[in-house]
Each structure stands twice: as C-alpha cells, then as structure tokens.
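Counting starts at 1 for both ligands and their atoms, in listed order.
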Amino acid sequence: MNKEDVCILIPTLNEGKTIGGIVSEFRSMGFSNILVIDGHSKDDTVKIAEKEGAKVILQSGKGKGQAVTQAFQAINTRYVVMIDGDGTYLPEEVYTLLEPVTSGQVDHVIGTRIGNYQKGAFTRVNLFGNWILNKIFGFAYGVWLEDILSGYRAFTHDAIKQIELNRTGFEVETEITVECVKKNLKTTEVPIKYLSRVSGAATKLKPIRDGFRIFSTIFLLARMHNPLFYFGVMGGVLTLSGLAIGIYVVNEWFKRIDHIPLTILATLLIVTGIQVFILMVVSDLMVSMHRENMHLMSKILKEKEKK
Ligand SMILES: Nc1nc2c(ncn2[C@@H]2O[C@H](COP(=O)(O)OP(=O)(O)OP(=O)(O)O)[C@@H](O)[C@H]2O)c(=O)[nH]1
Ligand SMILES: [Mg+2]
C-alpha cells in the first residue's frame with residue numbers, strides 16, 4: 001500500500017486538546033493526506049490542525065453526519081480512514097484497519113472497541129445502549145456486528161462513493177453500516193483499543209437523545225430492506241397493546257363493569273395491528289421480487305460487459 005493513496009479523515013468539533021497529537025502522529029507515520037472537517041470549533045482546533053500539517057475544511061451544515069457526508073464527496077483517494085478527533089482511538093492501529101481493504105478482501109472495516117477498552121471509556125449507559133443497538137441492528141438487517149457505532153473505520157474509494165448519507169448527527173455510523181449492507185459492500189470488524197476522553201474535553205454525545213435517534217435510524221431504514229422487521233415490530237406493538245387493553249376490558253366485564261371507550265380502543269388497535277401484519281406480508285413479497293429483478297439485471301449487465 002502506498003500511503004499517498006490513503007486519506008485520513010477526522011471530523012472535529014472543539015477538539016483543541018487532542019487534534020494536534022493525532023495529526024502529528026499520522027504525519028510521523030508517513031501519511032501526508034490528512035483532512036480535518038471542522039464543525040466551526042470555538043477553540044483553536046483549526047489553527048492547531050493546520051499548524052500540524054492537516055488540510056482543514058469547514059463543514060457547511062451542522063452535525064457529525066453532515067460533516068462526513070461533505071467530506072466523502074470531497075475525497076478522491078483510493079482508501080479512506082475515518083477517525084474521531086477526540087483522542088479515543090490510536091493512530092498507530094491504522095494498519096490493522098487498512099489491511100482488509102488494501103488486500104482487497106472487503107470494502108469497509110469497523111474497528112471494534114468492545115473487547116479492549118480503557119476503564120471509564122464507556123459509561124454503563126453507553127455500553128448497554130451499544131449492546132442493545134447492535135442486537136437490534138442484527139435483527140433488522142440479518143448482519144451481526146459487535147460495534148456498529150465505532151468511529152474508527154476504513155473504506156475503499158468505491159465504498160465512500162456508493163454510500164448515500166442523509167442523517168446529519170451521530171446516526172452517521174449507523175447509516176454507513178446500513179448502506180454497506182444494502183449496497184452489498186463487504187464489511188468486516190477488527191479489534192482495536194478504545195481510550196477514555198482526556199479530562200476536560202467534553203463529549204458531544206447525549207446518550208438518551210442520540211440513542212433514540214440511532215434506534216429510529218435502524219428502524220426506519222429497515223423498511224425497504226427488511227419489511228418483516230419494520231412492519232412486524234409496528235404490528236406487534238399495536239396488536240399487543242390492543243390485547244392488553246382487551247384483556248383488562250373483558251376482566252372488568254365479568255365484574256359487570258363496562259368500559260365502552262376502552263373497548264373501542266382495544267378493537268381499533270387489534271384491527272390496525274392485523275392490517276399492518278397484512279402490509280408486512282405484501283411488502284416482503286414486493287421487496288423479494290425487487291431483489292430478484294435487481295439480481296437478474298446485474299447478471300445481464302455483467303454478461304453484456306463480458307461481451
Ligand atoms: N465536524 C463535526 N465534527 C463533530 C461534530 N460533533 C462531533 N464531532 C466530532 O466527531 C467525533 C466524535 O464525537 P464525540 O463527541 O467524541 O462522540 P462519541 O465518540 O460518540 O462519544 P464519546 O464516547 O463521548 O467520545 C469527535 O471528533 C467530535 O469532535 C459536528 O457537529 N461536526
Ligand atoms: Mg468520542
């Protein structure tokens with residue numbers, strides 16, 4: 001691998017304490033193409049990054065997701081490594097991430113933090129949230145990964161040009177992973193070390209708000225990929241809540257107490273739930289047929305290319 005072919009992409013927002021060290025470490029390893037995409041930091045992040053020899057661009061919108069989207073459009077090297085600017089990932093592990101893409105095995109590598117993290121790097125809430133979101137992702141997309149939210153990744157040029165991103169915030173890692181599954185880009189995970197933030201450097205992640213956003217991203221993006229999951233969860237929630245209210249209503253009715261509005265509500269919930277289940281079967285059929293058509297189309301195109 002030629003180091004000129006690698007762009008090191010670092011999204012930053014007020015990371016003045018750590019960005020200098022990261023850029024200089026990559027430079028001392030021989031990586032000269034370092035792109036910092038900054039979210040209009042109020043501290044001296046931009047100045048330090050430039051001084052250490054990185055190219056800095058300011059993002060046009062808000063959020064890590066928008067920054068990464070903009071950077072992906074601007075990058076034209078053969079390989080890309082994305083790393084957070086908060087000093088929680090080790091630049092020296094870049095070769096571990098690059099190996100599977102440069103050897104042509106995969107299009108996308110995730111550095112998995114779960115097996116080797118410094119004490120205090122994850123709060124209990126983050127660790128639990130991470131675990132549950134990875135499991136939900138597995139159910140939704142049928143791909144079981146350990147750390148879909150990791151900020152240390154490597155990509156091929158082909159991958160960053162195929163990945164289409166629409167989310168603006170911390171849902172970006174999820175959306176990247178979903179896009180890779182949908183576009184049949186091969187993904188693998190390699191274990192990496194995860195450090196805690198240096199003291200005084202504030203996180204921008206709000207666990208509950210961002211956790212919920214990440215969950216809704218996994219859920220909403222599954223509609224076209226796995227309608228069984230998407231409509232199944234929705235139908236399940238509706239029907240089960242209808243049944244719960246229904247059981248209560250019937251129980252009360254045996255005691256000669258009537259709950260007319262609740263009876264109507266229970267009926268409506270159950271009927272809507274069943275309709276969503278029907279929609280689920282129909283959507284699944286449509287997605288399967290579409291997939292077969294696309295498969296056939298790409299086969300025809302490949303044969304045409306051969307001729
Ligand atoms: N350009 C840009 N970068 C951002 C923005 N928000 C966060 N970042 C950067 O994205 C990286 C990840 O953000 P963090 O706040 O560390 O989020 P996290 O790693 O999920 O959470 P922690 O566990 O607290 O580290 C850091 O380098 C941030 O500086 C933004 O709005 N714009
Ligand atoms: Mg971080």
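In this structure, the protein non-hydrogen atom closest to atom 20 (O) of ligand 1 is Leu205 CD1, 3.8 Å. Looking only at protein heavy atoms, the nearest one to atom 13 (O) of ligand 1 is Phe170 CE2, 3.5 Å. Looking from atom 14 (P) of ligand 1 to the surrounding protein, the closest heavy atom is Arg197 NH2, 3.3 Å. Considering only non-hydrogen protein atoms, atom 29 (O) of ligand 1 sits nearest to Glu15 OE2, 2.6 Å. The protein heavy atom nearest to atom 22 (P) of ligand 1 is Thr203 OG1, 3.7 Å. Closest to atom 2 (C) of ligand 1 among all protein heavy atoms lies Gln59 OE1, 3.1 Å. When only non-hydrogen protein atoms are considered, atom 9 (C) of ligand 1 lies nearest to Pro11 O, 3.4 Å. Among all protein heavy atoms, the one lying closest to atom 6 (N) of ligand 1 is Leu13 CD2, 3.9 Å.
Taking the six-membered ring where the residue is Trp, the centroids of Trp144 and Phe139 are separated by under 6.0 Å.
Interface of Asp84 with ligand 1, defined as ligand atoms under 4.0 Å from a residue heavy atom, comprises 11 (C), 12 (C), 19 (O), 27 (O). Close contacts of ligand 1 with Gly85, meaning ligand atoms under 4.0 Å from a residue heavy atom, involve 26 (C), 27 (O). Residue Gly39 has at least one heavy-atom neighbour below 4.0 Å for each of these atoms of ligand 1: 1 (N), 2 (C), 32 (N). Set against the non-hydrogen atoms of Gly63, the atoms of ligand 1 under 4.0 Å away are 30 (C), 31 (O), 32 (N).
Contacts between Ile37 and ligand 1, counted as non-hydrogen atom pairs separated by less than 4.0 Å, involve the backbone only. At a 4.0 Å heavy-atom cut-off, ligand 1 touches Lys204 through backbone and side chain alike. Using a 4.0 Å cut-off between heavy atoms, Lys64 contacts ligand 1 through both its backbone and its side chain. Using a 4.0 Å cut-off between heavy atoms, Gln66 makes no contact with ligand 1 at all. Counting heavy atoms closer than 4.0 Å to ligand 1, residue Tyr194 contributes side-chain atoms (C-beta onward) but none from N, CA, C or O. Counting heavy atoms under 4.0 Å from ligand 1, residue Asp38 touches it through the backbone alone. When non-hydrogen atoms are compared, ligand 1 lies under 4.0 Å from neither the backbone nor the side chain of Phe122.
Between the Thr112 side chain and the Ile114 main chain, no donor and acceptor come within less than 3.5 Å of each other. A donor-acceptor distance shorter than 3.5 angstrom exists from the side chain of Ser150 to the backbone of Tyr152, with no hydrogens or angles considered. Listed for the Glu189 side chain is a donor-acceptor partner under 3.5 Å among the backbone atoms of Asp147. Listed for the Asp258 side chain is no donor-acceptor partner under 3.5 Å among the backbone atoms of Ile260. In this structure, the side chain of Lys193 does not engage the main chain of Leu90 through any donor-acceptor pair within 3.5 Å.
Note: Phe215 and Phe212 have tilted aromatic rings, judged against thresholds of 30 and 60 degrees for the angle between ring planes. Ring pair Phe31/Phe26 is perpendicular by interplanar angle, where above 60° counts as perpendicular and below 30° as parallel. Classification of the Phe122-Tyr194 ring pair by plane angle, with boundaries at 30° and 60°, yields tilted.
Using a 4.0 Å heavy-atom cutoff, Gly151 is absent from the residues neighbouring ligand 1. Judged by the shortest distance from any of its heavy atoms, Asp86 lies inside the 4.0 Å radius around the atoms of ligand 1.
Judged by distance alone, the side chains of Gln66 and Gln59 do bring a donor and an acceptor atom under 3.5 Å apart.
Grouping the Ile, Leu, Val, Met, Phe, Trp and Tyr side chains by contacts below 4.5 angstrom, directly or via other members, places Ile192 with Ile10.
For the Mg ion (ligand 2), the N/O/S atoms of Asp86 include one lying under 2.8 Å.
Residues Ile136 and Phe219 form no side-chain contact, since every pair of their non-hydrogen atoms from C-beta on lies 4.5 Å or further apart.
With respect to the salt-bridge test (charged N to carboxylate O, under 4.0 angstrom), the residues Glu15 and Arg197 qualify.
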